[in-house]
Structure formats: C-alpha cells, structure tokens
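Once you've had a glance at the structure underneath, I'll fire off some questions.
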Amino acid sequence: MKQKLSWQQALQQCVTSLDALASLIPAAAELISSAAHSSFAFKASRRYLAKIDPHDARDPLLLQILPQAIEMQQNSAFRLDPLEEHRYNPLPGLMHKYASRVLITLVGSCAINCRYCFRRHFAYEDNRPGTQGLEAIYDYIRAHAEVNEVILSGGDPLLANDPLLHTLTHTLSEIPHIKRVRIHTRLITTIPERVTPELITALTHTRLKSILVTHCNHPRELDDDIAAACNTLVQNNITVLNQSVFLAGVNDNAETLVALSEALFACHILPYYLHTLDAVTGSAHFDLPLEKQRALYTVMQEQLPGFLVPKWVKEVPGEKHKTRM
Ligand code: SF4
C-alpha cells in the first residue's frame, strides 16, 4: 500500500525545475520560457501536475503554471503593482486597505506559482513580518478598534507551521474587537494533506470564527482527497469558500464555470468570488474581454442556483471595497 505523504513531504516534492516540467509534461517543452521563469519562477505540486494531460499544450491546468515567452511582451496597461498595495502597507507584512479588515502576508512563498498572480512581483522580502514584526502588527490591530477581521494571505499562509498559526489565532482572540480570521490559501487544493489535526486545533481553539478561502479556477483541479480535507474543515465549523479568476484559455467557457461551481459544492466549498483579472505585468495573455465575461456570467446565473453563483468582482485601486460587475 502506498504510504500517505505528510504535507511537508508533499511540499518538498514540489517541482521547481523546467527540465522536470518538460519531462513530466512533454507537450509543455516547446513553450517553456526560461526568461519568464527568471521573472517569476515556475513551481507546482506533484498532485496538481498529475492532473495535467501530458500531451495537451493547451491543458487549462498547465496554462495556469507554465512560464511562456508571451509573458515577456510589454503591455502598458499591465503593471507591477496593479492594486497599488504599496499605498496600504503601514508595517512590513501588514496591509490595511478596507476599513474593517487588515491583511497579513505571513509567508512569502506558495506550493504553486500561478502565472496570473497579482502579487507575482510583490516585494515579499520587505514584507516578511518575523516575530518582532508580528508584535508590531498585533499592536497596530489593538490600536484600530474598527478592525474586526484579520486576513492571512499570499504567499500561502498555510505554509506557516501549526504552532505559529496557533499562537497567532490565540493572540488575535485576546483582542476584543477581532471576530474572525480568514485564510486565503491554494494549499488545500494543491496539497490537501495540509489539513492536519494540529491545523484544525489552531483554527478552532479560540472564540474566533475561522474562514478558509480556497483558490480554484477549473473543476479538474479538485479530487476526492480535497473533498475529504474540506469535509474535515466544515465538520469543525470552519467556513470554506472559493475564489476564482476569469482566465482566457483556462475557464473562458460557460460549461467549465458551471461545472466548477458544481464541483466546488460537491467538495463542501461555496463559490465566493469570481474576479476579473488584475492587470499585473506578465499576465495579459489571460485577459478576457469584459463583454465575454458578462456573457459567461449571465449563463452561470441562468444555469446555477443563486448560492452557487460567485460574486463577479473587480478590484479598483483606491476604492473602499471590491467593485461588483
Ligand atoms: S499567492 Fe495565490 S495566486 Fe499567487 S502564486 Fe501563490 S497560490 Fe498562486
């Protein structure tokens, strides 16, 4: 019987070399660009790679992780910091953009590097809080009574170890105005082994409500192990939501988007947001015309019950909330 990997072992086995990618997915070999890889390194978990058709260069899962030459074409509408996050960065590792929520960039890496990621050029080296930095962040949150929710975001916060997450949720729970902790992660859908008893304890041992937001763009990313991991989360009263991005070549047809919502629900996950692509340098080839997005969203509304239709949103720098489309 095949022995189950720990999440740390699965993480160690993530593929990071272009040669390994080409040998696992021969169809990718001719498209791989080392220049794009130098700009934003290729990385993916073995589980994610195993779902790609090795002979299909247009596989929607492959396109999400494949460094291609097209990323290097200049497009003035696409920028290094499309959401202007540097304007909302009062402390290293802390973002305070929306009134009632703050966001901590706890970790600077992920188990999968998504080519369209709006933080692909983010200065993580200036935004790793460390122990001292976290103390400063807690002081900031204590001093801002309008904040009731703390978001842990990417890199992937679930790459932090369980004792750190345990301490963090404990410390936040002692701040009276904090009600919730929300974790944005792509680890559950790429390394579901991450759902350990220790993680469940770290997320449930306090009075805080925990919300976990997965990131999945295509129904083929999901599998039975992911469903089981999400079931464990839900059984422990952790709300599990998903956010997706409209991506050309990946989910730019109604059939895929409807199937994605259905597959998420089958995995105990509720669709939350469907984002218009953030215009980050290197991702223009994923851009989908607005009218096409509107047409796809209309079909989703027609074919899905309301609770399976994610909110279609766009992030506009300077706005006090996400913009509904
Ligand atoms: S932060 Fe999220 S979207 Fe960005 S590379 Fe990591 S997993 Fe992908």
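Just so you know, ligand 1 is whichever comes first in the structure, and atom 1 is the first atom listed for that ligand. Only this structure's heavy atoms are used, side chains among them; waters, hydrogens and symmetry mates stay out.
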query = Using a distance threshold of 2.8 Å, what protein N/O/S atoms lie below it relative to atom 8 (Fe) of ligand 1?
reply = Cys114 SG
inquiry  = Counting only heavy atoms from other residues, nucleotides and ligands, does the tally under 6.0 Å from CD of Glu125 exceed 12?
reply    = yes
ask   = Are side-chain heavy atoms of Ile211 and Val181 found at a separation under 4.5 Å?
value = no
query = Does Ile188 reach the side chain of Leu158, with side-chain heavy atoms less than 4.5 Å apart?
reply = yes
ask   = Looking at Ile178, Leu203, Ile175, which one forms a side chain to side chain contact (heavy atoms under 4.5 Å, CB included) with Leu208?
value = Ile178
ask   = For the salt bridge (charged side-chain N to carboxylate O under 4.0 Å, His left out) test, which of Lys4, Arg46, Arg47 pairs with Glu193?
value = Arg47
request  = Give, for atom CG of Leu308 and atom CZ of Phe265, the distance between the pair rounded to the nearest 0.5 Å.
outcome  = 6.0 Å
